Protein chains: 2
Amino acid sequence: MAATLKDVALAAGVSIKTVSNVINDYQHIRADTKQRVMEAIAELGYSPNLSARSLRSGRTGVIGLAVPELSLSYFAELAGSIIKAAERRGLKVLIEQTGGDRSHELEILSSPRLQMTDGLLFSPLGMSNEDAHHLNVNFPLVLLGERIFGGPTDHVTMSNVESARAATAHLLSKGRRRIAVVGAHEGEVIGSAGLRLQGYRQALEEAGIAFEPELVAYTTFWHRANGARSMRELLEAGVAFDAVFGMNDTLALGAMRVLQEAGRRIPDDVAVIGFDDLDEGRYSLPTLSTIDPGRDEIADTAVRVLQERISGRDGETPPREFEARFQVIERESSALPA
Amino acid sequence: MAATLKDVALAAGVSIKTVSNVINDYQHIRADTKQRVMEAIAELGYSPNLSARSLRSGRTGVIGLAVPELSLSYFAELAGSIIKAAERRGLKVLIEQTGGDRSHELEILSSPRLQMTDGLLFSPLGMSNEDAHHLNVNFPLVLLGERIFGGPTDHVTMSNVESARAATAHLLSKGRRRIAVVGAHEGEVIGSAGLRLQGYRQALEEAGIAFEPELVAYTTFWHRANGARSMRELLEAGVAFDAVFGMNDTLALGAMRVLQEAGRRIPDDVAVIGFDDLDEGRYSLPTLSTIDPGRDEIADTAVRVLQERISGRDGETPPREFEARFQVIERESSALPA
DNA sequence: CGCCTATCCTACAACGTTGTAGACTCACCT
DNA sequence: AGGTGAGTCTACAACGTTGTAGGATAGGCG
């Protein structure tokens with residue numbers, strides 16, 4: 001059986017509360033009392049019962065993180081960053097996988113399954129902007145991602161429009177003029193796909209190049225297979241292009257594969273850039289140019305903001321939006337001018 | 001404020017304990033009483049306080065998972081599988097990252113930081129067999145991975161030797177005779193690298209082929225960069241080979257990249273097989289043959305065994321070893337006979 | 001008719017912790 | 001000498017839940 005405050009108190013010849021005070025660094029304790037208590041703690045190998053502490057304090061020191069799937073590299077890396085950020089602030093992270101499924105996401109918001117957390121970092125994929133009102137919950141919630149904007153909670157996101165514009169501008173700076181896009185979502189305005197497409201169009205416009213619908217490939221998901229399939233369709237349709245903007249690295253890698261099978265040289269014939277800065281792109285053949293969306297900054301901000309909401313220090317501060325700084329990373333896949 | 005049993009009891013006109021009984025499906029409750037309580041619960045939006053429940057029952061319903069890094073694809077996918085397996089059994093998962101660092105791993109075993117979990121799934125990377133005694137802890141612990149064998153706890157692992165033998169045999173069956181290995185660890189006997197090298201040698205021996213030390217490339221880590229560097233060294237040393245066994249997919253992908261840069265055709269000139277069945281290998285160019293180590297089975301077994309230890313049903317059952325079933329997956333990288 | 005058992009419900013204590021209120025000592029000031 | 005205040009410590013209650021013991025009612029049996 002684990003030792004309790006009572007056992008330590010008995011061993012040290014003091015009251016339970018004094019032991020509690022020692023543990024919580026209460027100021028006014030005589031040095032020798034403190035010493036005796038510390039010794040008793042060490043001897044009995046005492047450590048506080050966190051359930052009891054939580055019951056008393058109403059805090060668990062645990063935050064929840066809901067992501068679609070850890071097998072999606074972006075979310076695995078995000079989760080890793082968040083765990084590190086949480087650790088720096090003395091918090092533990094409990095991870096839920098939603099599968100990117102809207103009903104599963106709503107269930108997580110409403111069900112009492114995460115009663116053992118102080119708050120939630122929520123990265124939905126299936127929900128859309130019309131679901132924003134579901135974010136009105138009675139626990140601290142910080143929204144991640146690009147599915148919902150202007151919701152009732154704090155929101156940490158990447159600069160989708162601007163970084164997509166920068167990615168496109170990067171390809172333009174290499175002299176590319178017919179830039180295909182892979183991963184658009186039919187009719188989407190808000191959401192990673194919609195915003196990144198918007199950035200793409202802005203860059204074209206600034207360069208005085210007409211937007212050509214035939215260069216846009218639509219997919220439902222953002223897996224490698226989707227990137228590969230889209231590229232196959234573009235090639236079969238006989239669309240001419242000298243560059244590809246993959247809406248994420250995974251799509252770009254899938255597209256690259258098909259391009260190479262078809263005998264197109266990268267970057268000589270077609271320059272490629274992705275989005276996310278996954279580890280994988282650093283070792284692909286050729287290495288993949290990409291956008292570093294500032295994952296560590298997103299993680300750090302999200303945890304910080306959630307902790308502020310949990311502590312209640314910020315009172316009734318209205319919902320805030322945070323955009324992480326991004327960076328264009330040029331690698332082999334876009335190194336050559338056309 | 002969240003509703004408590006007391007509030008519900010008051011609203012339903014029954015005792016606190018009756019509400020508790022309704023929630024816990026106690027048998028002898030009159031239908032109409034139950035009905036009234038349920039209504040009160042629904043109306044007040046009551047949900048149990050898990051801290052209080054934990055304090056009372058001594059169980060939290062949370063298990064810990066300690067892995068090196070979620071940015072390593074294998075562990076991200078393993079974590080995903082484990083979360084799903086845990087969910088099926090009504091458990092939540094709290095993830096720690098050790099960084100694969102021995103001292104950090106030991107700290108997790110000794111420190112009281114995971115007092116809020118009922119048990120731990122532990123996948124060390126830095127610890128070695130001599131550290132086995134550190135696994136003697138006073139909480140339920142299930143060991144994962146290949147770093148330690150014969151320790152004092154239950155252990156779930158993949159069939160390293162046999163599946164490495166099967167991978168090698170697969171290459172042999174394609175007529176390959178000079179099979180390079182990438183990812184060996186100098187002097188290691190136990191551990192993924194040592195065991196897989198052993199399987200490689202067994203397969204050679206069975207085929208009556210001499211083991212050639214010059215075909216073995218040593219690395220300290222198993223990242224893509226290591227696979228790439230090893231392959232560069234092999235090529236520079238002028239060693240002849242017609243196949244490569246990468247000790248994991250990441251190494252194999254790194255090696256493939258360098259092979260292609262050097263103008264070797266895969267699988268025509270060099271057949272390649274990896275190990276882990278990562279999603280990435282399914283979309284590489286060419287697609288990567290690999291070993292499916294039975295990740296879901298590992299996850300499911302690990303969670304099941306841990307839950308058994310937690311419930312104490314198994315009493316003083318001695319430590320058990322579990323080996324998941326593996327499978328050779330042939331893809332393009334090894335499809336052609338030499 | 002009285003006893004026994006099954007059903008349905010309640011009061012109370014306990015899990016281990018921390019906040020509150022207050023007791024006691026001692027030095028210091030008026 | 002009495003009052004004040006800081007320092008040190010303790011007793012008690014409370015957080016919300018569940019196990020234990022037992023009370024009340026009703027039906028079945030000898």
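The basis for the numbers below is simple: all heavy atoms, side chains too, and nothing from hydrogens, waters or symmetry mates. If you're wondering where the values come from, they're calculated on a predicted model, not measured in any experiment. Residue numbering restarts at 1 for every chain, and letters A, B, ... go by the order of the sequence lines.
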* To do: Heavy atoms under 4.0 Å is the rule here; annotate nucleotides 3-12 of chain D 5' to 3' with B where the base is hit, S where only the sugar-phosphate is, and - elsewhere.
  => ----SBSBB-
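- Between A:N24 and C:dT18 there is a side-chain polar atom (N or O) within less than 4.0 angstrom of OP1 or OP2.
- The backbone N or O of A:T98 sits nowhere less than 3.5 Å from a side-chain atom of A:E105 that would complete a donor-acceptor pair.
- Relative to the axis of its first five pairs, the axis of the last five pairs of the helix from C:dC1-D:dG30 to C:dT30-D:dA1 sits at 60°, rounded to 10 degrees.
- We find that CG of B:D25 is positioned 13 Å from P of D:dG19, with the value rounded to whole Å.
- Partners of A:D279 under the salt bridge (Lys or Arg N to Asp or Glu O under 4.0 Å) rule, at least two apart in sequence or in another chain, are A:R282.
- Looking at residues two or more places apart in sequence or on another chain, you find no side-chain hydrogen bond (donor to acceptor under 3.5 Å, both in side chains) involving B:S128.
- Rounded to whole angstrom, the span from the CG atom of B:L55 across to the C1' atom of C:dC15 amounts to 4 Å.
- We find that NZ of B:K6 is positioned 16 Å from P of C:dT10, with the value rounded to whole Å.
- A close approach under 4.0 Å does not occur between any side-chain nitrogen or oxygen of A:R53 and OP1 or OP2 of C:dG16.
- Looking at heavy-atom distances under 4.0 Å, A:S20 makes contact with a base.
- With sequence neighbours left out, the side-chain hydrogen bond (donor to acceptor under 3.5 Å, both in side chains) criterion links B:Q307 to B:R89.
- More than 12 non-hydrogen atoms from other residues, nucleotides or ligands lie less than 6.0 angstrom from CZ of A:F322.
- Between B:R59 atom CZ and D:dT18 atom P there is a gap of 14 Å when expressed in whole angstrom units.
- B:T157 is linked by a side-chain hydrogen bond (donor to acceptor under 3.5 Å, both in side chains) to B:E146, counting only residues two or more places apart in sequence or in another chain.
- If you take CD1 of B:I23 and C1' of D:dG16, they are 11 Å apart, rounded to a whole angstrom.
- Remark: P of C:dG16 and CG of A:L44 are 14 Å apart, rounded to the nearest angstrom.
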Using distance only, find each side-chain donor-acceptor pair of residues 10-21 of chain B under 3.5 Å and give its atom names and separation, not counting sequence neighbours.
from	atom 1	to	atom 2	distance (Å)
B:S15	OG	B:K17	N	3.4
B:S15	OG	B:T18	N	3.2
B:S15	OG	B:T18	OG1	3.1
B:S20	OG	B:N24	ND2	3.4
B:N21	ND2	B:K17	O	3.4

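- Atom pair A:L5:CG and C:dA14:P shows a separation of 17 Å (rounding to whole Å applied).
- Among residues two or more places apart in sequence or in another chain, the ring-ring contact (aromatic ring centres under 6.0 Å, His included) test is passed with A:F149 by A:H155.
- Remark: A:N49 pairs with no residue by the side-chain hydrogen bond (donor to acceptor under 3.5 Å, both in side chains) rule, at least two apart or across chains.
- A donor N or O paired with an acceptor N or O is found under 3.5 Å between the base of C:dT18 and the side-chain atoms of A:R56.
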